[in-house]
There are 2 protein chains.
Amino acid sequence: MLSSANKYAIRSVLFLALYTNESKKIGAKEIADKLESPQPFLAKLLQQLTRDKLISSTKGPNGGFFLSKKNKENTIWDIIKSIEGAKKFDQCFLGLSKCSDEKPCPVHYIVSGFKEKILKEFKDKTISHFADEVKRTGKILSLKEFNVFND
Amino acid sequence: MLSSANKYAIRSVLFLALYTNESKKIGAKEIADKLESPQPFLAKLLQQLTRDKLISSTKGPNGGFFLSKKNKENTIWDIIKSIEGAKKFDQCFLGLSKCSDEKPCPVHYIVSGFKEKILKEFKDKTISHFADEVKRTGKILSLKEFNVFND
DNA sequence: AATAAAAAAGATGTTTTAGTCTTGTTTTTT
DNA sequence: AAAAAACAAGACTAAAACATCTTTTTTATT
Ligand code: FES
Ligand code: FES
């Protein structure tokens, strides 16, 4: 569905939303460690997100990545666009050149309604919305013992 | 979502369901041409589907691929399993090791319900069901001018 | 029997995605 | 000013996905 680049990126941003702010930053190494993702690969992704102003960073000692208030008003869709472009999601499930109600493929009506609903959530709900929900309901961000409550 | 291998494979089977039977076979070259897919790549996929008895074939002059009545009782899910394995669809949208209601990731409840509904359709509806529907409603299988009615 | 037409099988090549490594730049601390 | 700690950038490597090419096997036609 999503590329692994995108999965790492989304989890990183949600992680930053939960644990950082203008005065508390976290380094690439620690993020990679907590999310169990390849460190140099994730560093690239963080750079990309920084370029697109979806996350913030400062260099030097005590520097690191963090989410500003403004950053938190972005959406998961913004992350997806930054990492792999939006085109992928307009495509037909069976690979036809265009996906449309006018010229539907045999599975179009099975798939396209759901796709739109999912995309709408990703386009509408902000990062801070997701972060709040994780805090409230205790959802999981990491693969290992690390749990969002132990911190 | 699906690999291109899988897309080609599913379209091929639906194509065969519409245009072939025990006494009317079609060669790999023509299928590739009609579906606008890379010919040698598709030939491999057809071989794989044949090995798994999802489609039928005969060698030699006037040989080719076709769908037997039994073949038509398979499902799209059977094709997916044959081409890229079923595991992929159990995975978490954000790449966590396990996707479950017990330990949901932040997007789990956005995504997993839809995924299950789609999968159910793919597991329940037979190829002949899809073929009938295409005949009835004129859905599209190919990228180019080729239309299911012109034949 | 010879030929030709098709699929089957396996080796090989290309492209994209994933991931690493090295070097440079900025900034804080001393 | 020097050193150290971080991010930034770009070159590089590895693996998977995508695709092709070549040879073999089967079978209908002549
Ligand atoms: S046309 Fe195939 S999914 Fe819409
Ligand atoms: S846990 Fe992530 S999609 Fe189910």
Side-chain angles (χ1 to χ4, degrees), chain A residues 1-12 16 20 22-33 35-68 71 80 82-85 87-88 91 95, chain B residues 1-12 16 20 22-33 35-68 71 80 82-85 87-88 91 95:
Chain A
M1 188 98 202
L2 287 181
S3 66
S4 17
N6 234 316
K7 292 174 181 171
Y8 296 146
I10 294 171
R11 289 203 284 136
S12 297
L16 290 172
T20 67
E22 273 84 353
S23 54
K24 178 160 195 315
K25 297 154 195 168
I26 299 186
K29 207 179 298 181
E30 188 180 346
I31 301 172
D33 185 51
L35 299 182
E36 293 202 308
S37 56
Q39 196 249 297
F41 188 49
L42 193 139
K44 288 265 136 176
L45 301 172
L46 295 173
Q47 283 173 34
Q48 172 64 32
L49 293 170
T50 306
R51 269 194 296 273
D52 284 352
K53 303 204 193 310
L54 298 178
I55 66 179
S56 308
S57 71
T58 59
K59 291 180 175 181
N62 305 315
F65 297 92
F66 65 98
L67 250 66
S68 67
N71 291 150
I80 292 173
S82 172
I83 299 296
E84 67 185 312
K87 293 161 251 166
K88 210 178 158 182
Q91 287 167 15
Chain B
M1 187 97 206
L2 286 181
S3 66
S4 17
N6 234 316
K7 292 173 181 171
Y8 297 147
I10 294 171
R11 289 203 283 134
S12 298
L16 290 172
T20 66
E22 273 84 353
S23 53
K24 178 158 195 314
K25 296 153 196 171
I26 299 185
K29 207 179 297 182
E30 188 181 346
I31 301 172
D33 186 52
L35 298 182
E36 293 202 308
S37 55
Q39 196 250 298
F41 188 51
L42 193 138
K44 287 271 135 178
L45 301 172
L46 295 173
Q47 282 173 34
Q48 172 63 31
L49 293 171
T50 306
R51 269 195 294 274
D52 284 352
K53 303 202 194 311
L54 298 178
I55 66 179
S56 308
S57 72
T58 59
K59 291 180 174 182
N62 304 316
F65 296 93
F66 64 98
L67 250 64
S68 67
N71 292 149
I80 292 173
S82 172
I83 299 296
E84 67 184 316
K87 293 162 252 169
K88 211 179 159 183
Q91 286 167 17

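Hydrogens, waters and symmetry mates are skipped; everything else that's a heavy atom, side chains included, is used. First the proteins, then the strands, lettered A, B, ... as listed; each starts at 1.
At the phosphate of dC7(D), neither OP1 nor OP2 sits under 4.0 Å from any side-chain N or O atom of Thr50(A). Applying the 4.0 Å criterion to OP1 and OP2 of dT29(C), one finds that Asn62(A) has a side-chain N or O inside that range. A sub-4.0 Å separation between OP1 or OP2 of dT27(C) and a side-chain N or O of Thr58(A) is absent.
Between the P atom of dC7(D) and the CD atom of Glu30(A) lies a distance of 10 Å, rounded to the nearest Å. We find that NZ of Lys24(B) is positioned 16 Å from C1' of dA6(C), with the value rounded to whole Å. Taking atom CZ of Phe66(A) as the reference point, atom P of dT27(C) lies 13 Å away to the nearest angstrom. Between the CD1 atom of Ile83(B) and the C1' atom of dA16(D) there is a distance of 16 Å, given to the nearest Å. Across the protein-nucleic acid pair, Lys25(B) atom NZ and dA6(C) atom P stand 12 Å apart, rounded to whole Å. Between the P atom of dA6(D) and the CD1 atom of Ile26(A) lies a distance of 12 Å, rounded to the nearest Å. Residue Gln47(B) contributes atom CD, which lies 14 Å from atom P of dT25(D) at whole-angstrom precision. Atom pair Ile31(A):CD1 and dC7(D):C1' shows a separation of 11 Å (rounding to whole Å applied).
Counting all heavy atoms, side chain and backbone alike, Ile31(A) lies closest to Ser12(A) at CG2-OG, 4.0 Å. The two atoms that bring Met1(B) and Lys88(B) nearest to each other are O-NZ, 3.4 Å, heavy atoms only. Scanning all heavy atoms of the two residues, the minimum distance from Thr20(B) to Leu67(B) falls at OG1-N, 3.1 Å.
Checked by atom type and distance alone, the side chain of Asn71(B) pairs as donor or acceptor with a backbone atom of Ser68(B) at under 3.5 Å.
Enclosure of atom NZ in Lys29(A) is not indicated, since only 12 or fewer non-hydrogen atoms of other residues, nucleotides or ligands lie within 6.0 angstrom. In this structure, Lys53(B) places its NZ atom where only 12 or fewer heavy-atom neighbours from other residues, nucleotides or ligands lie under 6.0 Å away.
For Arg51(A), taking side-chain heavy atoms from C-beta onward, the closest of the listed nucleotides dA9(D), dA8(D), dA9(C) is dA9(D).
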At a cut-off of 3.5 Å, list every protein nitrogen or oxygen paired with a nitrogen or oxygen from nucleotides 11-21 of chain C, distance to 0.1 Å.
from: dA18(C); atom 1: OP1; to: Ser4(A); atom 2: N; distance (Å): 3.1
from: dA18(C); atom 1: OP1; to: Ser4(A); atom 2: OG; distance (Å): 2.8
from: dG19(C); atom 1: OP2; to: Tyr8(A); atom 2: OH; distance (Å): 3.4

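At a threshold of 4.0 angstrom between heavy atoms, the contacts of Ala28(A) are confined to the sugar-phosphate backbone, with no base atom among them.
Two residues are said to be in side-chain contact when any heavy atoms from C-beta on lie closer than 4.5 Å; Ile83(A) and Leu2(A) fail this criterion.
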